[in-house]
Amino acid sequence: GENVEQHPSTLSVQEGDSAVIKCTYSDSASNYFPWYKQELGKRPQLIIDIRSNVGEKKDQRIAVTLNKTAKHFSLHITETQPEDSAVYFCAASQSGGYQKVTFGIGTKLQVIP
Amino acid sequence: GAVVSQHPSRVICKSGTSVKIECRSLDFQATTMFWYRQFPKQSLMLMATSNEGSKATYEQGVEKDKFLINHASLTLSTLTVTSAHPEDSSFYICSARGGAVYNEQFFGPGTRLTVL
């Protein structure tokens, strides 16, 4: 089955700096890679996703890159703000509503004002 | 985005009792629902995948007789924790995929289960 590794497990940055979270996956059949943000006690919320036919995707201050050959993908948050503080999960899946999603262990991001 | 509700949000029960948690997709038909368990400061651990009208597929190490899953309709799945014990205390989250929202997975708000 799929195995997703994520690092770092914790990340502290100064407000305004950039944050980068990296993930690797093992199953070459995976072709959908979502990123979720989870605030304490709340449900995970999708913040951005990328499919394997795309190398990079950007949405305002958030960007995700994908390297299919190396089987790794990364989340980049620029101009971080205190409200970005949360736990971020990367995940990998095959396309199709019935396919399960495998999550990374999570990265606790703290943005210091 | 699509909305998934989960009920109850919090439950406290005595050891040995059974607890049922409902997960509903409110504005789309969920061909597949997933049940996760999350321990404090840890990742989401997939327990089982539930397809409407068929038996759930359980992940390795998850007892199917302990965690009963029923997906009777395209909008409702239930998880029953049978004969609950304190070690079953956790945060249980469901998610749903399907229909027009082909790939995205929408999460319910979660249920905090505490077994005394």
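Note on naming: letters A, B, ... go to the chains in the order of the sequence lines (proteins, then strands), and numbering restarts at 1 for each one. Nothing here was measured: the structure is a model prediction, and the numbers come from that model.
- Taking chain B as the reference chain and counting heavy-atom pairs below 4.5 Å, the highest number among A/R43, A/Q38, A/Q6 is found for A/R43.
- Between the CZ atom in B/F106 and the CG atom in A/L46 there is a gap of 7.5 Å [rounded to 0.5 Å].
- Other residues, nucleotides and ligands place no more than 12 heavy atoms under 6.0 Å from the NE2 atom of B/H7.
- Atom CG of A/L40 has 12 or fewer neighbouring heavy atoms from other residues, nucleotides or ligands inside a 6.0 Å radius.
- Few gaps surround CD on A/Q81; more than 12 heavy atoms of other groups in view lie less than 6.0 Å from it.
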Does the pair B/R97 and A/V101 meet the rule for a side-chain contact (heavy atoms from CB on, under 4.5 Å), with working shown?
CA-CA 10 Å; B/R97 293 174 96 177; A/V101 177; 3.7 Å; yes
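- Around CD of A/E15, the count of heavy atoms belonging to other residues, nucleotides or ligands within 6.0 Å exceeds 12.
- Between B/F91 and A/K42, the shortest heavy-atom contact is CE2-O, 4.5 Å.
- Around the NZ atom of A/K22, the shell of radius 6.0 Å holds no more than 12 heavy atoms that belong to other residues, nucleotides or ligands.
- How far OH of A/Y36 is from CD of B/Q105: 4.5 Å, rounded to the nearest 0.5 Å.
- Atom CG of B/L74 sits in a crowded spot, with more than 12 heavy atoms from other residues, nucleotides or ligands closer than 6.0 Å.
- For B/S43 (side chain) and A/G106 (main-chain N/O), no donor-acceptor pair under 3.5 Å exists by modelled atom type.
- Interface remark: A/P44 contributes backbone and side-chain atoms alike to the contact with chain B (heavy atom separation under 4.5 Å).
- Heavy-atom pairs under 4.5 Å with chain A peak, among B/T49, B/I93, B/L44, at B/L44.
- Residue B/E59 touches chain A through its side chain alone, counting heavy-atom pairs closer than 4.5 Å.
- Crowding of A/Q60 atom CD: a count of heavy atoms from other residues, nucleotides or ligands under 6.0 Å not exceeding 12.
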